[in-house]
S.K.: 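One structure is given below, represented as structure tokens, and several questions about it will come after.
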Number of protein chains: 2
Amino acid sequence: MPRNGTYHCPVEASVAVIGGKWKTLLLWKLRDGPLRFSGLQECLPMVTPRMLSKALRELGEDGIVARTAYPEIPPRVEYALTPLGEALIPVLDAMSAWGIKYMLDAGLRPPDCCGGNAPEEEIS
Amino acid sequence: MPRNGTYHCPVEASVAVIGGKWKTLLLWKLRDGPLRFSGLQECLPMVTPRMLSKALRELGEDGIVARTAYPEIPPRVEYALTPLGEALIPVLDAMSAWGIKYMLDAGLRPPDCCGGNAPEEEIS
DNA sequence: CTGCATCCATGTTGATACTG
DNA sequence: CAGTATCAACATGGATGCAG
């Protein structure tokens, strides 16, 4: 996605930024807190390091995720949602909710995401 | 997008169905009522008839849009959201809202969609 | 008018291997 | 650990022509 140019419609801008095959899923995994590169790889084994790196770089350029590198041995890098990225959470939740409905309608069992980071209420 | 296979996560299912470069935008245009093929072309001049046809066919296969052909001369075909498609409206609205925020943060003027079908309150 | 078929250019993704 | 390099495969886009 170009992620630049003029958008004729807000939806077009959203698609340009979070479109692509993996970005939405990636953001969903970051929804509940920062993750390391290797943590994302475990969560999303179907995404190659190349595409993961590319997606993270582009989301960083668009101000959606923040990259924090800790100068340690071995290296550690954490990715987290920025405030602008957190503003996407309603979108992600709506997509998750619809996905559950879709899978139910299709007679499929809606699985929890890896690790179970479905949107859940605070339990006092 | 394959739109089949096993999804490990509801978000994955949503991306598979409404992912791609144009589907979300197309659904956004159908949000406020049925449109004809030519109407969609006017709304989305950047989408070639080939890709528009492909997107509509796939959305039809997934039960998101319904195709109604009127046996007239000249032919008339209308596309509308199915109930499952209407269930996507919260997703579309959330994306639109976020797109507006994103464009404001970027210093761009958030445009109304072609024809002005932004989600608006009923004005009595 | 509403599309589908074909060819071809370009862009995006995947697989594997490799580096700081 | 956190990526990058290279090449191959696939998806997407444009142009044109054609059919119901």
Side-chain angles (χ1 to χ4, degrees), chain A residues 1-8 12 15-27 29-30 34-62 65-80, chain B residues 1-8 11-12 15-27 29-30 34-62 64-80:
Chain A
M1 316 298 157
R3 307 178 344 282
N4 56 41
T6 309
Y7 304 121
H8 307 81
E12 201 177 353
V15 172
V17 172
I18 67 169
K21 203 166 183 177
W22 305 120
K23 281 180 188 171
T24 311
L25 213 43
L26 207 166
L27 293 170
K29 299 305 181 184
L30 291 178
L35 281 174
R36 310 174 52 171
F37 193 91
S38 54
L40 285 165
Q41 279 199 94
E42 286 166 29
C43 255
L44 305 167
M46 71 289 274
V47 186
T48 59
R50 188 176 104 88
M51 296 315 291
L52 187 56
S53 171
K54 184 164 177 281
L56 287 166
R57 193 177 337 117
E58 291 176 357
L59 289 169
E61 288 167 3
D62 287 324
V65 304
R67 193 191 114 121
T68 308
Y70 299 88
E72 307 170 349
I73 302 292
R76 182 161 64 99
V77 179
E78 277 194 347
Y79 294 91
Chain B
M1 317 296 156
R3 307 184 337 287
N4 57 41
T6 308
Y7 305 121
H8 306 81
V11 173
E12 201 177 353
V15 172
V17 172
I18 67 168
K21 203 166 183 178
W22 305 121
K23 281 179 187 170
T24 311
L25 212 45
L26 207 167
L27 292 169
K29 300 304 182 184
L30 292 177
L35 282 173
R36 310 175 50 175
F37 191 91
S38 54
L40 286 165
Q41 281 199 91
E42 285 167 30
C43 254
L44 305 167
M46 71 289 277
V47 186
T48 59
R50 186 172 108 88
M51 298 315 290
L52 186 56
S53 172
K54 184 162 176 283
L56 286 166
R57 191 176 345 113
E58 291 178 356
L59 289 169
E61 287 168 4
D62 287 325
I64 311 299
V65 303
R67 194 191 116 115
T68 308
Y70 297 90
E72 305 171 352
I73 305 292
R76 182 161 64 97
V77 180
E78 277 193 349
Y79 295 91

S.K.: Are V65(B) and L30(B) side-chain neighbours, meaning at least one heavy-atom pair lies under 4.5 Å?
M.R.: yes

S.K.: Starting from P on dG3(D), measure out to CG on L56(A) and report it in whole angstrom.
M.R.: 7 Å

S.K.: Does the base of dG14(C) carry an N or O that pairs as donor and acceptor with the side chain of R50(A) under 3.5 Å?
M.R.: yes

S.K.: With a 3.5 Å cut-off and just heavy-atom distances, do the side chain of R76(B) and the base of dT2(C) make a donor-acceptor pair?
M.R.: no

S.K.: Shortest non-hydrogen contact from K23(A) to A16(A)?
M.R.: NZ-O, 4.5 Å

S.K.: Return the value, rounded to whole Å, for the distance between atom CG of L59(B) and atom P of dG3(C).
M.R.: 13 Å

S.K.: Judged by each residue's nearest nucleotide on DNA chain C, which is more toward the 5′ side, Q41(B) or V47(A)?
M.R.: Q41(B)

S.K.: Show the nearest heavy-atom pair for residues W22(A) and M51(A), with the distance to one decimal.
M.R.: CD1-CB, 4.1 Å

S.K.: Measuring to OP1 and OP2 of dT12(C), would you say a side-chain N or O of K21(B) lies under 4.0 angstrom away?
M.R.: no

S.K.: Check this one for me: any side-chain N or O of Y70(A) less than 4.0 Å away from OP1 or OP2 of dA2(D)?
M.R.: no

S.K.: OP1 or OP2 of dA2(D) less than 4.0 angstrom from a side-chain nitrogen or oxygen of S38(A), does that happen here?
M.R.: yes

S.K.: In this structure, how many angstroms lie between the C1' atom of dC1(D) and the CG atom of L40(A), rounded?
M.R.: 13 Å

S.K.: To the nearest angstrom, how far is E58(B) atom CD from dG3(C) atom C1'?
M.R.: 15 Å

S.K.: Please pick, from dG20(D), dT12(D), dA15(C), the nucleotide with the shortest atom-to-atom distance to any side-chain atom of K54(B).
M.R.: dT12(D)

S.K.: Check this one for me: any side-chain N or O of S53(A) less than 4.0 Å away from OP1 or OP2 of dA2(D)?
M.R.: no

S.K.: Give the rounded distance in Å between these two atoms: CG of L26(A) and P of dA2(D).
M.R.: 14 Å

S.K.: Would you indicate which nucleotide in dC1(D), dT12(D), dG14(C) comes nearest to any side-chain atom of M51(B)?
M.R.: dT12(D)

S.K.: Nearest to the side chain of P75(A), heavy atoms from C-beta on, is which of dT2(C), dT12(D), dG20(C)?
M.R.: dG20(C)

S.K.: Assess the residue pair E58(B) and K54(B) against the criterion (salt bridge (Lys or Arg N to Asp or Glu O under 4.0 Å)); give the C-alpha distance rounded to whole Å, side-chain angles, the decisive distance to 0.1 Å, and a yes or no.
M.R.: CA-CA 6 Å; E58(B) 291 178 356; K54(B) 184 162 176 283; 3.4 Å; yes

S.K.: Would L40(B) and L56(B) count as a side chain to side chain contact (heavy atoms under 4.5 Å, CB included) if you check the C-alpha gap in whole Å, the side-chain angles of each, and the deciding distance to 0.1 Å?
M.R.: CA-CA 10 Å; L40(B) 286 165; L56(B) 286 166; 4.1 Å; yes

S.K.: Distance check needed: dC1(D) P versus E78(A) CD, whole Å only.
M.R.: 14 Å

S.K.: Take atom NZ of K23(B) and atom C1' of dA11(D), then tell me their distance rounded to the nearest Å.
M.R.: 12 Å

S.K.: Quickly work out the L44(B) CG to dG3(C) C1' distance and round it to whole Å.
M.R.: 16 Å

S.K.: Can a side chain N or O of W22(B) be found less than 4.0 Å away from OP1 or OP2 on dG13(D)?
M.R.: yes

S.K.: Does dG3(D) have OP1 or OP2 sitting under 4.0 Å from an N or O in the side chain of Y79(A)?
M.R.: yes

